Colleague: 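I have a structure I would like to understand better, so I am pasting it below and will then ask my questions one at a time.
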Amino acid sequence: MRSKIVAGNWKMNNNKGETQNLLSDLKKGLPATEAEVIVAPAFVNLAQASEALEESSIQVSAQNMHFASNGAFTGEISADMLLSIGVDTVIIGHSERRAYFGETDDFLAKKVETALSMKMRIIFCFGEELEDRKSGSHFEVVGNQLKNALFSLPEEAFQSIVLAYEPVWAIGTGETASPEQAQEMHAFIRKTLSQTYSESVAQEISILYGGSVKPANASEIFSKPDVDGGLIGGASLVAADFLAIVKAI
Ligand code: PGA
């Protein structure tokens with residue numbers, strides 16, 4: 001089901017007390033909205049978040065997970081561990097994981113497979129770098145990222161996947177893709193899904209935009225027909241800003 005979604009990726013921010021404060025401000029201030037609202041705190045604060053939000057419509061996502069079910073992977077977290085604390089959504093493929101932790105499309109495909117086999121919902125991130133856009137290869141790069149990590153999946157898998165297009169040059173830089181650039185890429189993604197799978201996969205999937213979304217630019221970006229919401233980094237750390245972005249949808 002295609003739904004509107006605003007998700008906050010907190011990255012490596014907020015200790016226990018800060019997590020508590022931000023969650024409490026979000027709960028208090030959450031406006032009536034048709035959008036699904038999701039927050040992704042750091043691993044150590046997920047259990048706390050999941051408890052604090054038990055009575056709230058705000059959902060909790062992890063920022064990452066390992067593809068193995070368990071074993072000798074020091075420092076890693078499994079799908080089962082997440083599910084056991086009530087977290088059934090996971091961000092996979094964030095550009096920071098790709099850039100700083102060497103996560104390749106093939107590696108991400110394994111994570112996707114595991115998450116799906118554990119019946120988790122995936123927010124799958126991808127997007128081109130600045131030089132790809134400058135050289136005009138951004139559609140090809142995005143098409144390949146999707147193909148390599150997702151296009152071996154059966155059609156029904158896409159019911160559990162949300163896509164997040166995040167041009168790397170717009171993440172944390174203050175530089176946003178223009179609403180037209182976002183719309184153009186989202187339309188391309190839908191066309192690619194329609195050609196690879198079916199029109200219903202293309203129309204049913206939620207495609208989020210991420211990269212310097214702020215209260216000031218959110219409503220224009222969200223007004224585009226193929227943009228179903230946003231994955232928000234920096235602005236999700238300030239309750240008033242995140243709530244203003246939720247209101248903008
Ligand atoms: P940003 O991050 O909103 O700070 O640009 C977005 C993201 O990395 O998901």
Side-chain angles (χ1 to χ4, degrees), residues 4-14 18-19 22 26 35-43 45-46 49 58-65 87 89-103 108 111-112 115 121-130 132-133 138 141-142 145-146 149 161-179 181-183 185-186 189 205-222 224 227-249:
K4 305 246 181 233
I5 299 172
V6 179
N9 174 12
W10 292 7
K11 309 190 180 181
M12 197 174 72
N13 292 292
N14 292 331
E18 290 159 346
T19 296
L22 183 49
L26 293 178
E36 290 185 54
V37 179
I38 303 175
V39 291
F43 280 137
N45 297 318
L46 282 176
I58 302 175
Q59 302 165 45
V60 181
S61 170
Q63 298 174 15
N64 181 31
M65 57 168 247
V87 176
T89 302
V90 61
I91 297 173
I92 292 179
H94 192 277
S95 66
E96 287 148 19
R97 299 293 321 168
R98 294 174 189 258
Y100 307 142
F101 301 96
E103 297 196 359
L108 296 171
K111 293 191 183 205
V112 166
R121 189 186 199 193
I122 297 164
I123 301 175
F124 185 79
C125 305
F126 54 93
E128 83 281 3
E129 312 222 4
L130 186 57
D132 303 323
R133 180 143 297 254
H138 45 295
V141 167
V142 163
Q145 287 173 327
L146 293 174
I161 297 176
V162 170
L163 296 178
Y165 167 59
E166 301 202 301
V168 178
W169 48 273
I171 295 179
T173 57
E175 190 164 341
T176 327
S178 69
Q181 285 171 322
Q183 167 57 28
M185 185 58 87
H186 285 218
I189 294 162
I205 200 159
S206 298
I207 310 178
L208 314 184
Y209 169 79
S212 298
V213 177
K214 306 272 180 259
N217 59 25
S219 57
E220 213 192 333
I221 295 171
F222 295 163
K224 294 296 175 192
V227 178
D228 302 309
L231 181 56
I232 321 298
S236 73
L237 300 173
V238 178
D241 287 355
F242 188 64
L243 292 170
I245 293 170
V246 172
K247 280 190 199 126
I249 206 148

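As the structure is a computational prediction, the values presented were derived from the model and not from experiment. Start at 1 and go down the list; that is how both ligands and their atoms are numbered.
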Colleague: Kindly check if the number of other-residue, nucleotide or ligand heavy atoms within 6.0 Å of CD (E220) is above 12?
Modeller: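 No, the 6.0 Å shell around CD holds no more than 12 heavy atoms from other groups.
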Colleague: Evaluate side-chain hydrogen bond (donor to acceptor under 3.5 Å, both in side chains) for D228 paired with S206, printing each intermediate quantity in order.
Modeller: CA-CA 6 Å; D228 302 309; S206 298; 4.7 Å; no
Colleague: Kindly write out the residues that satisfy side-chain hydrogen bond (donor to acceptor under 3.5 Å, both in side chains) with D132, not counting sequence neighbours, or none if the list is empty.
Modeller: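 So D132 forms no side-chain hydrogen bond (donor to acceptor under 3.5 Å, both in side chains) with any residue.
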Colleague: Checking the side chain of Y209 only, and the main-chain atoms of A177 only, is there a donor and an acceptor separated by less than 3.5 Å?
Modeller: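 Yes; judged by distance alone, with no hydrogens or angles, the pair exists.
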Colleague: In terms of relative ring orientation, are Y165 and H186 parallel, tilted or perpendicular, with 30° and 60° separating the classes?
Modeller: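 Ring orientation of Y165 relative to H186: perpendicular.
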Colleague: Go ahead and list the nitrogen or oxygen contacts between ligand 1 and the protein that come in under 3.5 Å, distances to 0.1 Å, or just say none.
Modeller:
from, atom 1, to, atom 2, distance (Å)
ligand 1, 2 (O), K11, NZ, 3.3
ligand 1, 3 (O), S212, N, 3.4
ligand 1, 3 (O), G233, N, 2.9
ligand 1, 4 (O), G234, N, 2.8
ligand 1, 5 (O), G172, N, 2.7
ligand 1, 5 (O), S212, N, 2.7
ligand 1, 8 (O), K11, NZ, 2.7
ligand 1, 8 (O), H94, NE2, 2.6
ligand 1, 9 (O), H94, NE2, 3.3
ligand 1, 9 (O), E166, OE1, 3.3
ligand 1, 9 (O), E166, OE2, 2.6

Colleague: Is the closest basic N to carboxylate O distance between E166 and R98 below 4.0 Å?
Modeller: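 Result for this pair is no, no salt bridge flagged.
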